Number of protein chains: 4
Amino acid sequence: MAKKRGQKYEKIINAAVKVIAENGYHHSQVSKIAKEAGVADGTIYLYFKNKEDILISLFEEKMGFFVDYIKEKMESAQTIEEKVKTMISSHLEQLEKDHDLALVTQLELRQSNISIRMKVNEVLKGYLSLIDSVIEEGKESGTFDQAIDTRMMRQVIFGSIDEVVTNWVMKEHRYPLAPLGDSLHAFLMKGLLAPGKKEEYS
Amino acid sequence: MAKKRGQKYEKIINAAVKVIAENGYHHSQVSKIAKEAGVADGTIYLYFKNKEDILISLFEEKMGFFVDYIKEKMESAQTIEEKVKTMISSHLEQLEKDHDLALVTQLELRQSNISIRMKVNEVLKGYLSLIDSVIEEGKESGTFDQAIDTRMMRQVIFGSIDEVVTNWVMKEHRYPLAPLGDSLHAFLMKGLLAPGKKEEYS
Amino acid sequence: MAKKRGQKYEKIINAAVKVIAENGYHHSQVSKIAKEAGVADGTIYLYFKNKEDILISLFEEKMGFFVDYIKEKMESAQTIEEKVKTMISSHLEQLEKDHDLALVTQLELRQSNISIRMKVNEVLKGYLSLIDSVIEEGKESGTFDQAIDTRMMRQVIFGSIDEVVTNWVMKEHRYPLAPLGDSLHAFLMKGLLAPGKKEEYS
Amino acid sequence: MAKKRGQKYEKIINAAVKVIAENGYHHSQVSKIAKEAGVADGTIYLYFKNKEDILISLFEEKMGFFVDYIKEKMESAQTIEEKVKTMISSHLEQLEKDHDLALVTQLELRQSNISIRMKVNEVLKGYLSLIDSVIEEGKESGTFDQAIDTRMMRQVIFGSIDEVVTNWVMKEHRYPLAPLGDSLHAFLMKGLLAPGKKEEYS
DNA sequence: CATGAATGAGTCTTCATTCAT
DNA sequence: AATGAATGAAGACTCATTCAT
């Protein structure tokens with residue numbers, strides 16, 4: 001029933017981002033999104049099952065591109081340290097480039113109900129797996145401390161970056177975000193590096 | 001008008017935690033909270049200005065006690081490392097003890113509208129200041145790296161702990177939370193310690 | 001149960017007039033009247049059956065005095081014309097003296113429900129009978145036209161005075177009310193006088 | 001947003017008149033009006049901003065037609081006396097024809113809050129201006145007494161007619177209303193005519 | 001007599017979703 | 001495929017009144 005493509009599909013997703021960024025999650029009615037997209041209310045339901053589906057699709061679409069971009073950037077990284085650095089910097093860069101998207105993913109979409117947030121977490125798994133694989137690779141190559149609990153470390157890494165971005169959004173993007181990537185990276189590396197590697201890194 | 005104390009005040013707050021934990025934020029009607037508290041709907045409004053006020057008061061009340069408990073525990077800590085360890089462990093312990101409260105603060109209350117979340121952030125500031133003061137103290141005593149950006153580090157610490165707790169709640173408390181405090185502490189310390197202190201600590 | 005006298009009874013009535021004049025009928029809660037009267041909410045119910053009873057009693061009390069005053073003034077009138085003139089002037093004078101009361105009787109109390117207004121009409125009957133008796137007297141003495149329908153004339157007289165007062169209240173008492181009594185009287189007399197009496201009067 | 005026309009618009013207005021006439025102002029819930037109109041509750045809000053808007057629109061719609069009808073009838077009147085007579089008779093005739101409307105405009109709508117009544121007064125101004133223009137015309141043509149205060153006379157005329165109608169409604173339409181128009185007219189004319197005109201008129 | 005904390009019935013309005021055209 | 005008018009369920013809050021003290 002709901003076609004997950006077509007130019008109107010894209011139009012509606014982008015309209016949703018704009019409307020939510022401008023009006024806030026709770027003031028973003030389907031009719032407002034339809035108007036912004038230039039379609040009739042009913043048309044929304046030819047492309048999306050329901051309102052929840054718009055939000056989840058929005059996140060899938062944008063986050064899919066988001067993760068793909070990070071992966072692509074990381075491919076040119078040589079060392080594991082560079083990979084971590086690239087991951088952090090491309091995470092920050094992308095969100096800094098699109099204020100609306102940052103506002104929607106960091107603040108507005110988190111006001112949605114549990115069922116949407118569970119689906120959002122599903123989408124996030126791709127990114128979390130990427131982080132996991134980097135940590136594992138570092139541990140296997142001996143660069144990272146073998147004793148590290150991968151899951152916990154992934155939560156720390158993601159939680160740290162996420163908190164930094166959220167604070168930046170809540171401060172209404174009043175300072176540049178990307179520069180924070182360096183100190184964030186430096187800090188995380190200190191915690192990640194294997195005992196013998198510390199000096200090298202320093 | 002709204003009396004911020006009395007046994008009914010407490011009863012209503014605790015009823016709100018239970019009802020929200022059981023039904024989710026969006027299905028927690030005032031009448032349901034009143035019923036759980038064993039009072040009439042109208043009685044709620046003798047103690048709270050409106051529904052929003054219940055949620056903010058809930059957070060203030062519980063988070064006030066939460067931070068006080070952490071502060072008290074930290075008083076018996078001798079070294080700065082111990083302080084950080086105590087902070088993390090008492091943060092985790094408290095939430096592990098009260099599953100309902102953890103669910104409400106980590107997931108449900110974050111679905112509320114911006115105005116509530118702004119107030120919640122105000123309340124959180126007490127805790128964030130505590131983290132700041134610990135970092136500053138560590139930097140001044142030479143235990144922590146002087147180069148550390150306090151604000152960013154506070155975000156990393158809070159974001160890490162918060163993410164760990166949120167994951168635990170989302171996994172429906174299926175594993176013990178407190179034990180994660182040690183590795184979290186170990187990791188954060190590695191990032192915090194001043195260059196010369198790393199060996200000592202190890 | 002409800003005692004229709006005592007100093008608190010008077011206090012509550014006067015408080016009601018003040019509260020309604022200041023806040024409007026629909027924003028005059030029983031608790032507000034109680035506070036203004038300096039008594040507890042529950043005390044109101046020792047003197048009045050219910051809220052409706054306060055309003056009716058207010059009207060009875062004030063209108064009783066109002067009609068008594070007019071009657072008294074009319075006693076010293078010699079001719080029937082003077083009686084009419086005195087009736088109109090003392091009607092206007094009394095309301096001009098007490099802006100709060102005028103506001104309450106002309107505007108606010110008319111927002112009450114039908115059952116109150118029916119009771120209010122009962123109270124008004126005393127005044128309407130007075131008007132009737134003056135008309136009848138005029139007709140019997142030959143001063144007024146015998147052909148006049150007493151009921152209709154009473155409605156015209158009361159309706160005219162009432163409309164003039166209401167307009168004055170709605171214009172926020174911005175002009176003196178009493179002076180209008182003369183032209184009102186002159187007009188009504190022209191309509192009332194018997195054919196042969198017109199010249200005399202002029 | 002609110003479309004001020006369409007057959008549903010009319011349906012809802014007429015349903016409101018009927019429901020208010022039958023149940024009284026304070027027992028006329030929006031859902032009751034919707035049911036009577038044969039539409040869903042929500043449909044009301046496609047045509048009216050809110051409940052208040054229904055009542056104001058009702059008055060505007062009906063009173064607009066009411067005044068237009070009187071104006072039209074008055075056009076065929078030759079003399080100024082005939083104009084006054086026509087004005088009074090068509091005022092009474094219209095309300096006598098529609099008992100529900102009379103009940104709503106004379107009693108029920110006056111129980112509404114100040115903001116509605118202010119708007120109602122705005123609508124009434126059209127009628128009051130009409131009365132004013134007749135009085136002015138009579139004064140200019142020498143038929144009416146030049147000394148007459150137009151504003152006061154308008155209040156007397158409107159107040160008299162209004163009181164006569166209100167009494168008729170409160171007596172539950174138990175007697176015919178229109179016949180009262182003649183004596184009302186006769187009375188008002190006596191008061192209005194210029195000194196020299198009285199004999200002519202008689 | 002007096003208090004005032006507690007009660008609980010009652011209603012307007014929003015907005016996601018449908019479906020006849 | 002697209003429209004947009006119509007639907008109708010759902011919930012926070014007020015305030016007159018009571019009654020234990």
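In what follows, chains are A, B, ... by sequence order, proteins preceding strands, each numbered from 1. None of the values given here were measured: they were computed from a predicted structure.
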Give the rounded distance in Å between these two atoms: [atom1] of [X] and [atom2] of [N].
X      : N      : atom1 : atom2 : result
B:I44  : F:dC15 : CD1   : P     : 18 Å
D:D41  : F:dA9  : CG    : C1'   : 9 Å
C:K51  : F:dT14 : NZ    : C1'   : 11 Å
D:K8   : F:dA6  : NZ    : C1'   : 6 Å
B:F48  : F:dA12 : CZ    : P     : 15 Å
A:N113 : E:dA16 : CG    : P     : 12 Å
A:L46  : F:dT3  : CG    : P     : 9 Å
D:L55  : E:dC12 : CG    : C1'   : 13 Å

If you find the nucleotide of DNA chain F closest to D:V39 and the one closest to B:N50, which residue's nucleotide is nearer the 5' end?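 In this pair, the answer is D:V39.
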Given that D:A40 and A:T43 both sit by DNA chain F, which one's nearest nucleotide is further toward the 5' end?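 This one resolves to A:T43.
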Among residues at least two apart in sequence or on other chains, which ones pass side-chain hydrogen bond (donor to acceptor under 3.5 Å, both in side chains) with D:E52?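 So D:E52 forms a side-chain hydrogen bond (donor to acceptor under 3.5 Å, both in side chains) with D:S115.
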List for me each residue that meets side-chain hydrogen bond (donor to acceptor under 3.5 Å, both in side chains) alongside B:Q106, sequence neighbours excluded, and say none if there are none.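 Applying side-chain hydrogen bond (donor to acceptor under 3.5 Å, both in side chains) to B:Q106 gives B:D162, B:T166.
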Rounded distance [0.5 Å steps], NZ in A:K62 versus CG in A:L95: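 With rounding to 0.5 Å, NZ (A:K62) is 12.0 Å from CG (A:L95).
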Let's test your reading of the pairing rules: Watson-Crick or G-U wobble, both distances under 3.5 Å, then write DNA chain F as a dot-bracket string with ( ), [ ], | and dots. .||||||||||||||||||||
Report the residue (C:G42 or A:E52) whose heavy-atom-nearest nucleotide on DNA chain E is the more 5′ of the two.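 The residue mapped nearer the 5' terminus is C:G42.
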Report the residues that fulfil side-chain contact (heavy atoms from CB on, under 4.5 Å) with D:N23, sequence neighbours left out, ordered by chain and then residue number.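 Testing D:N23 for side-chain contact (heavy atoms from CB on, under 4.5 Å), a comparison that skips the adjacent residues, returns D:V19, D:H27, D:S28, D:K32.
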Sequence-distant partners of C:K51, side-chain contact (heavy atoms from CB on, under 4.5 Å), two or more places apart: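 Only C:V30 meet the side-chain contact (heavy atoms from CB on, under 4.5 Å) criterion with C:K51.
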Could you go through residues 116-125 of chain D and list every donor-acceptor pair under 3.5 Å that involves a side-chain atom there, pairing it with any protein atom two or more places apart or in another chain?
{"residue": "D:R117", "atom": "NH1", "partner": "C:L107", "partner atom": "O", "Å": "3.2"}
{"residue": "D:N121", "atom": "ND2", "partner": "D:R117", "partner atom": "O", "Å": "3.3"}
{"residue": "D:E122", "atom": "OE2", "partner": "D:K125", "partner atom": "NZ", "Å": "3.2"}

Establish, with yes or no, whether the OP1 or OP2 oxygen of F:dA6 is under 4.0 angstrom from a side-chain nitrogen or oxygen of D:Y47.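 Answer yes for this pair, as a side-chain N or O of D:Y47 is under 4.0 Å from OP1 or OP2.
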Would you say a side-chain N or O of B:K49 is under 4.0 Å from OP1 or OP2 of F:dC13?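 Answer no for this pair, as no side-chain N or O of B:K49 is under 4.0 Å from OP1 or OP2.
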Output all residues satisfying salt bridge (charged side-chain N to carboxylate O under 4.0 Å, His left out) with A:D41, sequence neighbours left out; order by chain, then residue number.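 With neighbours one apart ignored, the set is empty.
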With D:E36 via salt bridge (charged side-chain N to carboxylate O under 4.0 Å, His left out) - residues at least two apart: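 Scan of D:E36 (salt bridge (charged side-chain N to carboxylate O under 4.0 Å, His left out), adjacent residues dropped) gives D:K18.
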Aromatic rings C:Y9 and C:F48: how do their planes relate, parallel, tilted or perpendicular, breaks at 30° and 60°?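 Geometry flag for C:F48 against C:Y9: parallel rings.
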Can you pull out the residues from residues 25-37 of chain A that lie within a 4.0 Å heavy-atom distance of DNA chain E?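 Contacts with DNA chain E under 4.0 Å: A:Q29, A:V30.
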Out of F:dA12, E:dA5, E:dT13, which nucleotide sits closest to the side chain of D:Y45?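 Nearest to the side chain of D:Y45 among the choices is E:dT13.
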